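Since we're looking at a predicted model, the values are computed, not measured.
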Amino acid sequence: MAEYIHHRTGYAVLTVDNPAGADKEENFEVTMTAAEFANDVTEVADGGEVPVYYIGFSLGASLGAMYGWQYPYIRKMLLINPPLMINWHRQRNGLEQFDGEQAVVAIGSSDPSYQFAGLVDCIDNPCVEKTILYDTGHNLSVDMNAIIFGMLFSKQGDMP
């Protein structure tokens with residue numbers, strides 16, 4: 001499911017996640033396709049007029065990693081707990097081509113992908129960085145608001 005807000009400061013925030021509690025069969029029916037991703041990103045970007053800050057969780061993080069580079073109006077991405085063991089080659093390829101300001105891959109220390117977190121260090125792109133969310137599982141059991149906004153608006157003066 002994708003949700004977005006337009007900020008009066010002239011940017012849009014797009015959030016994409018994997019539906020919580022959905023089983024594999026339901027996931028097949030409700031997860032976002034690449035075409036839906038393209039449509040949602042283009043819609044919130046207002047045809048490229050509005051810069052987009054993308055927050056993806058789980059499958060939404062993987063989609064951002066794989067396809068975000070194709071949309072130059074995505075300026076920043078926060079990719080939380082992408083399943084790195086699924087389609088890693090496509091995620092790596094997308095992140096290496098991302099030409100925005102910043103892409104942060106945030107992985108919980110208790111997330112199943114944590115054991116693969118070192119793969120992110122192999123990405124050849126200076127705007128891609130990894131951060132570990134300590135004492136955090138896949139479903140973000142801690143209050144993440146401050147962490148998310150801190151990562152997304154990490155440059156001084158960017159905080160809305």
Does E129 form a side chain to side chain contact (heavy atoms under 4.5 Å, CB included) with V105? I'd like the steps, not just the answer.
CA-CA 6 Å; E129 58 191 79; V105 180; over 6 Å; no

Verify the distance criterion only: is there a donor paired with an acceptor across the side chains of R75 and Y54 at less than 3.5 Å?
no

Does a side chain donor of either Q97 or N93 reach within less than 3.5 Å of an acceptor in the other side chain?
yes

CG/D121: more than 12 non-hydrogen atoms of other groups inside 6.0 Å:
yes

Note: H138 and N81 closest approach over all heavy atoms is O-ND2, 3.1 Å

Is there a side chain to side chain contact (heavy atoms under 4.5 Å, CB included) between Y53 and I74 once you walk through the steps?
CA-CA 6 Å; Y53 290 3; I74 296 179; over 6 Å; no

Are any of the side-chain heavy atoms of I132 and Y134 separated by less than 4.5 Å?
yes

For a quick test of your reading: what N or O donor-acceptor pairs under 3.5 Å do the side chains of residues 113-120 make, sequence neighbours left out?
{"unit_1": "S113", "atom_1": "OG", "unit_2": "P82", "atom_2": "O", "d": "2.9"}
{"unit_1": "S113", "atom_1": "OG", "unit_2": "L84", "atom_2": "N", "d": "2.8"}
{"unit_1": "Q115", "atom_1": "NE2", "unit_2": "P112", "atom_2": "O", "d": "3.4"}

Write down the atom of K76, the atom of E101, and the distance for their closest heavy-atom approach.
CE-OE1, 3.3 Å

CA sep, side-chain torsions, deciding dist, call: I107, T131, side chain to side chain contact (heavy atoms under 4.5 Å, CB included)
CA-CA 6 Å; I107 302 167; T131 190; over 6 Å; no

Just wondering, do M66 and N87 contact through their side chains at under 4.5 Å, heavy atoms?
yes

Closest heavy-atom pair and its distance - C127, G100
SG-O, 3.8 Å

Heavy-atom pair of closest approach, residues A106 and L78
CB-CD1, 4.3 Å

Apply the test side chain to side chain contact (heavy atoms under 4.5 Å, CB included) to residues K130 and V104: give CA-CA distance (whole Å), side-chain angles for both, the deciding distance (0.1 Å), then the verdict.
CA-CA 6 Å; K130 172 188 81 182; V104 176; over 6 Å; no

For residues 102-120, pull every pair meeting salt bridge (Lys or Arg N to Asp or Glu O under 4.0 Å), keeping only residues two or more places apart or in separate chains.
none

Determine the minimum heavy-atom distance between L133 and T136, stating which atoms define it.
O-CB, 3.3 Å

Separation between CG of D99 and CD of Q70, rounded to the nearest 0.5 Å
13.0 Å

Minimum heavy-atom separation for E96 and N125, please, with both atom names.
O-ND2, 3.4 Å

